[in-house]
Amino acid sequence: MTIIIRVDPKKPSRERIRDAAKIIREGGLVAFPTETVYGLGADALNESAVRKIFEVKQRPMDDPIIVHISRDNTLQLLAAEVPEVTFKLVKKFWPGPLTLVLKKSKIVPAVVTAGLDTVAVRMPSNKIAHMLIEEADVPIAAPSANLFGKPSPTTAEHVRQDLYGKIDMIIDGGQTEIGVESTVLDLTVSPPMILRPGGVTHEELESILGEVKLHPSVRRRKKVLEVVKSPGMKYRHYSPKADVILVEGKSGEDIERKVAKLVDEYRREGKRVGLLNLVKEMKIEADVCIFLGNSPEEVARNLFSSLREMDEKKVDLIVVGGIEEKGLGLAIMNRLRKASVRIV
Ligand code: TXA
Ligand code: MG
C-alpha cells in the first residue's frame, strides 16, 4: 500500500511532512521531490531500510546512494575528512544540486556507500525535501525514485508508475524545477573531479575552484565496462522502452541533415519514429514530435518526462539531435549518451 499526499512545494504543510518523517524514522520508504528529480528516501543510518531501497528499485548493490542533509554540520558527522575547498562550495552551492564525495566516517553503513570508503552528500534546496530531512532528524539516503534503468522521475506520477505498491508514501510536490540530477563532485582528489555532470555546471564550479576535471566517462560514447570510480557509471541508464538514437555533428545544420535522413530511413522500414527537438524545432516529419524548449534549462526540465511520453505514444525509436556541451548542455548530453543504443 502506498499513500500519496499532495504538498505545496512553496509552502509545505509541516503537519503532513511530519507524517512522512515518521515513516522514515520507522524504517519505511518515502518518495519526495527535490529540485532535481524525485528521490526515494530512507533513514541513511538504518541498514535494513536502505537495503529496501535497492530491492524496490531493483538496483545493483554496487551502486552507492547519495545522503541528503538539511544542516551544514551534519556533514562533519558523515565525513571523516573535510578538505578546505568543501566550505567554499557549501557556501556557494548549498542548498542546491551539488553532491560532494568525501572520505566517509564510521557511522555511514556500508550498504549506503556500496562498500566504498567515500560518501556522497548533498543538501537539497526543495522546501519539501528540506523539511522532510529536518523533521525526520536523520540524514536521508535517496537515489532517484525510478526503477533501475528507467528515466529519473520528475513528477509524482512518474514515481507512481514505477513504484506504486512497493513503497510506503509518495509526496506529490509537482514537477521538479531542474529536471536532471545533481552534479557529483569528487573532493578526495586534487583537482576535484566531476563524476556526473548535473544541475551545477562545470563552468560554475571552475569559477569558484579553478581547474575541475571531468571523469573520462562523462563524455564517453561507449558503455563503460571496466571497474570505474562511481559504480553507477557502468550501467545503461535513463532508458525508455524505445531505442534512443543520438545524432551528433559538426554544426546544427549537419545534425539536422543527419536526423532528417535517419528519420526518413526508419519510417520507410515501417518503424514508428519519435523525434525529440532540443533548443531548436527542426522542420522534419516524424510520427511523434516533442519540443523540449528554447534553452538548455527548459530542455533539462523536460528531458526525462519526454522519454516517458515517447513510450506512452508507443514509438519504436526515438531520434534526437545533440546540443552543445556548455552549461547544462553537458549534463543533457551525458544523459542522452547513456540512454542511447546508438550514436551517429
Ligand atoms: O539529484 C540527485 O542527485 C538525485 C536526488 C534524489 O537527490 N539523486 C540521484 O541519486 O540521482 P542516484 O542514486 O540516482 O545517483 C547517484 C549517483 C550514482 O551515479 C552513484 O554512483 C553516485 O551518485 N555516487 C553515490 N555515492 C558515491 C560515492 N561514494 N562515490 C562516487 N559516486 C557515488
Ligand atoms: Mg538514478
Side-chain angles (χ1 to χ4, degrees), residues 30-42 44 50 53-54 57-70 78-80 93-105 108-126 128-130 132-133 139-154 158-159 162-163 171 173 176-189 192-200 215 217-218 224 227-239 300 304 331 334-335 338-339:
V30 176
F32 61 97
T34 79
E35 66 277 22
T36 56
V37 300
Y38 274 73
L40 177 60
V50 175
I53 293 180
F54 286 92
K57 275 195 59 135
Q58 294 159 21
R59 180 181 174 108
M61 295 296 292
D62 67 351
D63 193 0
I65 297 181
I66 297 170
V67 180
H68 298 67
I69 63 175
S70 63
L78 301 170
F93 298 109
W94 278 10
L98 178 65
T99 296
L100 302 175
V101 173
L102 298 161
K103 284 264 173 281
K104 86 182 233 349
S105 75
V108 185
V111 60
V112 172
T113 64
L116 298 177
D117 63 350
T118 54
V119 61
V121 186
R122 123 167 164 87
M123 186 189 291
S125 64
N126 178 287
I128 296 172
H130 195 90
L132 178 65
I133 304 162
I140 294 185
S144 48
N146 51 293
L147 282 177
F148 179 72
K150 289 276 157 227
S152 296
T154 53
H158 298 157
V159 180
D162 281 13
L163 301 175
I171 305 178
T176 59
E177 293 152 57
I178 298 174
V180 291
E181 301 88 341
S182 63
T183 302
V184 179
L185 183 68
D186 187 355
L187 292 181
T188 68
V189 292
M193 183 181 276
I194 293 177
L195 303 179
R196 178 181 71 181
V200 170
H215 190 278
S217 71
V218 169
V224 188
V227 177
V228 288
K229 184 135 193 184
S230 183
M233 291 169 173
K234 73 177 177 227
Y235 300 102
R236 183 168 161 208
H237 265 134
Y238 312 111
S239 304
F304 291 140
N334 171 266
R335 304 306 189 271
K338 288 192 173 189

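When a ligand or atom number is given, it counts from 1 through the structure's own listing order. Please read all numbers here as calculations on a predicted model, not as lab measurements.
Counting the atoms of ligand 1 from 1 in the order shown, those under 4.0 Å from a heavy atom of L195 are 31 (C), 32 (N). Residue-ligand proximity, G39 to ligand 1, at heavy-atom distances under 4.0 Å covers atoms 6 (C). Interface of A120 with ligand 1, defined as ligand atoms under 4.0 Å from a residue heavy atom, comprises 25 (C), 26 (N), 27 (C), 29 (N). Listed by number with element, the atoms of ligand 1 under 4.0 angstrom from any heavy atom of V184 are 23 (O). Atom numbering of ligand 1 starts at 1 in the shown order; those under 4.0 Å from a heavy atom of T36 are 1 (O), 2 (C), 4 (C), 5 (C).
With distances taken over non-hydrogen atoms, the option nearest atom 3 (O) of ligand 1 out of P143, S182, G198 is S182. By heavy-atom distance, the residue among I65, T118, V119, T113 lying nearest atom 30 (N) of ligand 1 is T118. When the heavy atoms of G115, G179, S144, A114 are ranked by distance to atom 9 (C) of ligand 1, first place goes to S144.
Looking at E181 and S152, their side chains do bring a donor and an acceptor atom within 3.5 Å of each other.
Separation of atoms CG (L185) and CZ (R122) is listed at 14.0 Å; rounding is to 0.5 Å.
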Pair up each side-chain donor or acceptor in residues 96-103 with any protein partner under 3.5 Å, not counting sequence neighbours, and list the distances.
residue: T99; atom: OG1; partner: S182; partner atom: OG; Å: 2.7

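With a heavy-atom cut-off of 4.0 Å, R122 touches ligand 1 through its side chain alone. Residue contacts with ligand 1, taken as heavy atom pairs separated by less than 4.0 Å, involve R59 solely via side-chain atoms from C-beta onward.
Here E177 pairs with nothing under the salt bridge (Lys or Arg N to Asp or Glu O under 4.0 Å) rule; sequence neighbours left out.
The shortest non-hydrogen separation linking L163 to A145 is CD1-O, 3.3 Å. Scanning both residues, G179 and T154, for their nearest heavy atoms gives O-CG2, 3.7 Å. Taking all atoms of both residues into account, the shortest heavy-atom contact from Q58 to F148 is O-CB, 3.2 Å. Closest approach of A31 to V159, counting heavy atoms only: CB-CG1, 3.7 Å. Pairing each heavy atom of A142 with each of I65, the nearest pair is N-CG2, 3.4 Å.
Among the backbone and side-chain atoms of S152, no N/O/S atom is found under 2.8 Å from the Mg ion (ligand 2).
Residue contact annotation: D63 has a non-hydrogen atom under 4.0 Å from ligand 1. At least one heavy atom of H68 sits closer than 4.0 Å to an atom of ligand 1. E35 does not count as a contact of ligand 1, since none of its heavy atoms falls under 4.0 Å from the ligand.
Polar contact check, Y38 against ligand 1: no nitrogen or oxygen pair lies under 3.5 Å apart.
Within the 4.5 Å cutoff, the side chain of F32 has heavy atoms near those of the I140 side chain.
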